[in-house]
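Contents: one structure, followed by commentary.
Start at 1 with the first residue, then count along the sequence. If you're wondering where the values come from, they're calculated on a predicted model, not measured in any experiment.
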Amino acid sequence: MTAIDSGRIRSCAADVGLAVLAILAAVGDAEAGGLVPRSLGPTTSAVVTIEKSYAAGTIVIVSGNRTLDLVISEGRAIRYKIGVGRDGFRWSGTVKVGRKAEWPDWRPPAEMKARSAGLPDLVPAGPLNPLGARGIYLYKGGTDTLYRIHGTNEQSTVGGFASSGCFRMSNADVIDLYKRVKVGSTVIVN
């Protein structure tokens, strides 16, 4: 290895070290400013009676009510309070759970980046990530829709019309749902 090559390696390692220090400083600043959540948020789940018949494991989202039901048996579901798409971003249809991730990274879609200049290409997993503690990825015909059921560190948006089409839950609720739902489950959005 030449001196130039080893200098590059030291320089890259120093850059990585500086990047890690910058991230730690940002998290420290966020913690000092109260941006890092101190809890997973409230648990809103309740077992409810439902009128329609769905297979156990089906997720039924009613955007107008801002609820997500996980069907557990004939006529019964676990209901969670959720945040849904704001005006112009609500949608309906039937999709499948294509994959699940714990503490997911977030890559803002191109459309979102076009609307909000300055969004990064990637927000790594962690306390400042807008997908929160869990991500449940929604697929249609084997293709990622770019919509998610996910946690949030902005608890005030749960129960409101605030997202770009994703479904937000408290981190406590999304952790509970994540444990119960399987990849391949049907998700009906009304």
Side-chain angles (χ1 to χ4, degrees), residues 35-104 106 108-109 111-112 115-116 119 123 127-140 144-190:
L35 297 175
V36 176
R38 299 288 181 215
S39 78
L40 294 174
T43 300
T44 66
S45 63
V47 176
V48 298
T49 301
I50 56 175
E51 292 182 21
K52 284 193 171 183
S53 180
Y54 299 101
T58 301
I59 294 173
V60 181
I61 294 172
V62 180
S63 293
N65 295 341
R66 290 159 328 278
T67 58
L68 180 152
D69 290 352
L70 174 63
V71 179
I72 54 175
S73 65
E74 181 70 33
R76 293 183 50 216
I78 300 171
R79 178 165 291 163
Y80 303 90
K81 180 178 175 182
I82 61 171
V84 300
R86 62 189 181 274
D87 286 342
F89 290 92
R90 285 187 292 280
W91 59 278
S92 61
T94 301
V95 293
K96 298 278 188 184
V97 173
R99 76 180 188 95
K100 304 182 335 179
E102 294 185 25
W103 295 103
W106 180 54
E111 298 84 7
M112 187 177 285
R115 286 191 310 272
S116 301
L119 283 176
V123 178
L128 300 178
N129 187 304
L131 294 185
R134 303 289 183 271
I136 299 170
Y137 296 70
L138 304 179
Y139 281 60
K140 177 95 174 175
D144 188 351
T145 65
L146 301 180
Y147 294 116
R148 317 278 183 251
I149 298 168
H150 63 80
T152 184
N153 298 317
E154 295 180 75
Q155 296 302 317
S156 63
T157 65
V158 176
F161 297 97
S163 78
S164 294
C166 288
F167 305 102
R168 296 179 182 177
M169 306 176 77
S170 73
N171 282 323
D173 280 347
V174 81
I175 288 169
D176 182 63
L177 178 65
Y178 183 94
K179 288 187 265 185
R180 297 172 185 275
V181 72
K182 295 180 175 23
V183 170
S185 295
T186 298
V187 180
I188 301 167
V189 181
N190 296 315

CG-OH distance between Leu70 and Tyr80, expressed to the nearest 0.5 angstrom: 6.0 Å
Going by heavy atoms in the side chains, are Pro104 and Trp106 under 4.5 Å from each other? no
Over all atoms of both residues, closest heavy-atom pair of Arg90 and Phe161: NH1-CD2, 3.1 Å
Short side-chain donor-acceptor distance under 3.5 Å, Lys96 and Thr186: yes
Is the closest side-chain heavy-atom distance between Ser164 and Glu111 below 4.5 Å? no
Taking only residues two or more places apart in sequence, or in another chain, which ones meet Tyr147 in a ring-ring contact (aromatic ring centres under 6.0 Å, His included)? Trp91
Can a donor-acceptor pair be found between the side chains of Arg168 and Ser163 at a distance below 3.5 Å? no
With a 3.5 Å distance limit and no angle check, can you tell me whether Thr157 reaches the backbone of Gly83 through a side-chain donor-acceptor pair? no
With rounding to the nearest 0.5 Å, note down the distance linking CD1 in Ile175 to CG in Leu177. 11.0 Å
For the backbone of Gly64 and the side chain of Arg66, can you confirm whether one donor and one acceptor N or O come within less than 3.5 Å of each other? yes
Within-4.5 Å side-chain heavy-atom neighbours: Ile149 and Ile59: yes
Nearest heavy-atom approach of Pro108 to Leu119 is CB-CD1, 4.0 Å
I need the minimum non-hydrogen distance between Val183 and Arg99, along with the two atoms involved. CG2-CA, 4.0 Å
When you measure from the side chain of Lys100 to the backbone of Tyr178, do you find a donor-acceptor pair of N or O atoms at a distance under 3.5 Å? yes
Testing the basics here: between Ile82 and Leu68, what is the closest heavy-atom pair and its distance to 0.1 Å? CG2-CB, 3.7 Å
Quick check: closest heavy atoms across Asn171 and Ala133, and the distance to 0.1 Å? OD1-N, 2.8 Å
Working for side chain to side chain contact (heavy atoms under 4.5 Å, CB included), residues Thr43 and Asp173: CA-CA 5 Å; Thr43 300; Asp173 280 347; 3.6 Å; yes
Please round to the nearest 0.5 Å and tell me the distance separating atom CD1 of Ile188 and atom CD1 of Ile61. 10.0 Å
Asn153 side chain to Asn129 main-chain N or O, any donor-acceptor pair under 3.5 Å? yes
Just verifying a value: how many Å separate Lys179 NZ and Glu102 CD, rounded to the nearest 0.5 Å? 10.0 Å
With side chain to side chain donor-acceptor pair (under 3.5 Å) as the rule and sequence neighbours excluded, what pairs involving residues 46-64 come up? Ser53-Glu74
When every non-hydrogen atom of Tyr137 is compared with those of Leu131, the smallest separation belongs to OH-CD1, 4.3 Å
Contacts of Val48 meeting side-chain contact (heavy atoms from CB on, under 4.5 Å) (sequence neighbours excluded), chain-then-number -> Ile50, Ala77, Arg79
For the backbone of Leu146 and the side chain of Asp144, can you confirm whether one donor and one acceptor N or O come within less than 3.5 Å of each other? yes
Give, for atom CG of Asp176 and atom CG of Leu40, the distance between the pair rounded to the nearest 0.5 Å. 11.5 Å
Approximate separation, where rounding is to 0.5 Å, of Phe167 CZ and Thr152 OG1: 14.5 Å
Is a side-chain N or O of Thr145 found less than 3.5 angstrom from the main chain of Lys140, in a donor-acceptor match? no
Tell me whether the count of non-hydrogen atoms from other residues, nucleotides or ligands lying under 6.0 Å of CZ in Arg86 goes above 12. yes
